K.L.:
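Okay, handing you the structure first.
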Amino acid sequence: MSDHATSSAASASVPLIPHTAVVPAAGLGTRFLPATKTVPKELLPVVDTPGIELVAEEAKSAGAERLLIVTSPGKDGVVAHFVEDLVLEHTLSSRGKEAMLAKVRNAPSLLEVASVVQDKPLGLGHAIGCVEADLADDEDAIAVLLPDDLVLPGGVLGRMAQARARFGGSVLCAIEVPDEKISAYGVFDVTEADPASPDVKRVRGMVEKPARQDAPSNLAAAGRYILDRKIFDALRETEPGAGGELQITDAIALLIEQGEPVHVVVHTGSRHDLGNPGGYLKAAVDFALDRDDYGPDLRSWLVERLADS
Ligand code: UTP
């Protein structure tokens, strides 16, 4: 276990998530074209807050101390969102716009932020592989949060850290998906880990987008991972798959083959996929309905609109 984890775990007596939370944000976002021609998908707002800021808040709440963004040439705005803008802050302050000022200051104040560049979008596995050189020698695991996946309510990363403290290795997040939707997901083949912890399962394998009748379970992968540092060796040994992309699921499959422990924590909340316009719209409506400023008006408009359709 790393120094970061031991020193703080002693005081909190709860296993911490890794020091570094990696957020891959170097993809092309093709499902969101034409918007993503110039605006990074990760900065599209859920009501008024970019998805990547929501995910950074989740990482902070779980105990991460450093946000490591994987970005690409031309997506500088993603990292800029986490840098203080003193001119804007001064303008808002001098105009007495304190509430706006607090919103603008939120992202830069959350975590220490660093970035690495993935030159070409060669897949999520390749993006994660790009961070290895940026980790301290004593970091024995990383957390990975996909910024287009909102897993609600928060707290699953903490449970995943507990599972890693107990079983070792890597821990992923799974959500239950109804049979008729399962073929859209990466699906886990699992076995019981311990009858006393039914929400934690040992992973035997994974199948990408199986036909409904071939799905080994109804547990689908959600975008949260705690990956043991051994993942970097596994990535080096993994061949790129379709489209020349290096898949993280292939590297995880290799870890399993090598006998490394891989578990999932089954999350029983909701999840929004911000990576496509349909999922993004649902997230925006869901979040807006819960807001005092936009919720009531949106609700009555939706009722009228649905009555008309
Ligand atoms: P996605 O597959 O959802 O993102 O990857 P994408 O490739 O940008 O989207 P489409 O399929 O073209 O619409 C999940 C996360 O992994 C990052 C993405 O930025 C996204 O946050 N990613 C993906 C990388 O950082 N690098 C890659 O090469 C691929």
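Being a predicted model, the structure only gives us computed values, none of them experimental. Worth knowing before you read on, the calculation uses all heavy atoms, side chains too, and leaves out hydrogens, waters and symmetry mates. One-based numbering, in listed order, for ligands and for the atoms of each.
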K.L.:
If you have a sec, work out which protein heavy atom is nearest atom 9 (O) of ligand 1 and how many Å separate them, to one decimal?
P.N.:
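Nearest protein contact, heavy atoms only, for atom 9 (O) of ligand 1 is Lys41 NZ, 3.3 Å.
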
K.L.:
For Tyr294 and Phe287, what are the C-alpha separation, side-chain angles and deciding distance, and is it a ring pair (Phe, Tyr, Trp, His ring centres under 6.0 Å)?
P.N.:
CA-CA 9 Å; Tyr294 302 115; Phe287 274 60; over 10 Å; no

K.L.:
Is the shortest N/O to N/O distance between Gly123 and ligand 1 below 3.5 Å?
P.N.:
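Gly123 vs ligand 1: N/O contact under 3.5 Å present.
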
K.L.:
Backbone or side chain, does any N or O of Thr30 fall under 3.5 Å from an N or O of ligand 1?
P.N.:
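Checking ligand 1 against Thr30, an N or O pair does fall under 3.5 Å apart.
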
K.L.:
Is there a donor-acceptor pair closer than 3.5 Å between any side-chain N or O of Lys201 and the backbone N or O of Glu192?
P.N.:
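Checking the backbone N and O of Glu192 against the side chain of Lys201, no donor-acceptor pair under 3.5 Å is found.
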
K.L.:
Ignoring hydrogens and angles, tell me if any N or O in the side chain of Glu304 forms a donor-acceptor pair with the backbone of Trp301 under 3.5 Å.
P.N.:
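No, because the side chain of Glu304 does not come within donor-acceptor range (under 3.5 Å) of the backbone of Trp301.
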
K.L.:
Would you please say whether a donor-acceptor pair under 3.5 Å links the side chains of Ser197 and Arg166?
P.N.:
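The criterion, which ignores hydrogens and geometry beyond distance, is satisfied for Arg166 and Ser197.
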
K.L.:
Taking both backbone and side-chain atoms of Gly27, is any N or O found less than 3.5 Å from an N or O belonging to ligand 1?
P.N.:
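Yes; at least one N/O pair falls below 3.5 Å.
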
K.L.:
How far is atom 26 (N) of ligand 1 from its nearest protein heavy atom, and which residue and atom name does that atom have?
P.N.:
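Sorting protein heavy atoms by distance from atom 26 (N) of ligand 1 puts Gln118 OE1, 2.7 Å first.
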
K.L.:
For Leu122 and ligand 1, does the shortest N/O to N/O distance drop below 3.5 Å?
P.N.:
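Min N/O separation from ligand 1 is below 3.5 Å for Leu122.
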
K.L.:
Is the contact between Lys120 and ligand 1 made by the side chain, the backbone, both, or neither, using heavy atoms and a 4.0 Å cut-off?
P.N.:
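Near ligand 1, Lys120 shows nothing, with every heavy atom at 4.0 Å or more.
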
K.L.:
Taking distance alone, with no angle check, do Pro24 and ligand 1 share an N/O pair under 3.5 Å?
P.N.:
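Yes; the residue has a nitrogen or oxygen that sits under 3.5 Å from a nitrogen or oxygen of the ligand.
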
K.L.:
Do the charged groups of Arg291 and Asp48 touch, with an N to O distance under 4.0 Å?
P.N.:
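Yes.
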
K.L.:
If I apply the N/O under 3.5 Å rule, does Ala26 come out as touching ligand 1?
P.N.:
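Indeed, backbone or side chain, Ala26 has an N or O that close.
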
K.L.:
I'd like to know if the side chain of Arg164 reaches the main chain of Gly169, judged simply by a donor and an acceptor atom lying under 3.5 Å from each other, with no hydrogens or angles considered.
P.N.:
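Present.
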
K.L.:
Could you walk me through whether Tyr225 and Leu145 pass the side-chain contact (heavy atoms from CB on, under 4.5 Å) test, one step at a time?
P.N.:
CA-CA 7 Å; Tyr225 310 74; Leu145 295 86; over 6 Å; no

K.L.:
Decide whether an N or O pair under 3.5 Å exists between Leu28 and ligand 1.
P.N.:
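Such a contact does occur with ligand 1.
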
K.L.:
Does any N or O atom in Phe32 lie less than 3.5 angstrom from one in ligand 1, N or O only?
P.N.:
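No, no N or O pair falls under 3.5 Å.
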
K.L.:
Can you tell whether the side chains of Arg202 and Asp189 come within less than 4.0 Å, N to carboxylate O?
P.N.:
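No salt bridge links Arg202 with Asp189.
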
K.L.:
With backbone taken as N, CA, C and O and side chain as the heavy atoms from C-beta onward, which portion of Glu245 lies under 4.0 Å from ligand 1: side chain, backbone, both, or neither?
P.N.:
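Contact part for Glu245 vs ligand 1: neither.
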
K.L.:
Provide, to 0.1 Å, the distance between atom 16 (O) of ligand 1 and the closest protein heavy atom, together with that atom's residue and name.
P.N.:
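It is Leu124 CD1, 3.6 Å.
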
K.L.:
Looking at atom 11 (O) of ligand 1, what's its closest protein heavy atom, distance included?
P.N.:
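Nearest neighbour among protein heavy atoms for atom 11 (O) of ligand 1, to 0.1 Å: Arg31 NE, 3.3 Å.
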
K.L.:
Using a 4.0 Å cut-off to any heavy atom of Pro121, which atoms of ligand 1 qualify?
P.N.:
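That gives atoms 28 (O) of ligand 1.
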
K.L.:
Side chain or backbone of Glu42 under 4.0 Å from ligand 1, or both, or neither, by non-hydrogen atoms?
P.N.:
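It is the side chain that gets close, since no backbone atom is under 4.0 Å.
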
K.L.:
Which heavy atom of Pro73 sits nearest a heavy atom of Val117, and at what distance?
P.N.:
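Residues Pro73 and Val117, closest heavy atoms: CD-CG1, 3.8 Å.
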
K.L.:
Can you pull out the closest protein heavy atom to atom 14 (C) of ligand 1? Residue, atom name and distance to 0.1 Å, please.
P.N.:
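Nearest neighbour among protein heavy atoms for atom 14 (C) of ligand 1, to 0.1 Å: Asp148 OD2, 3.8 Å.
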
K.L.:
For atom 8 (O) of ligand 1, find the nearest protein heavy atom and state the residue, atom name and distance (0.1 Å precision).
P.N.:
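Here the nearest protein heavy atom works out to Gly29 N, 2.8 Å.
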
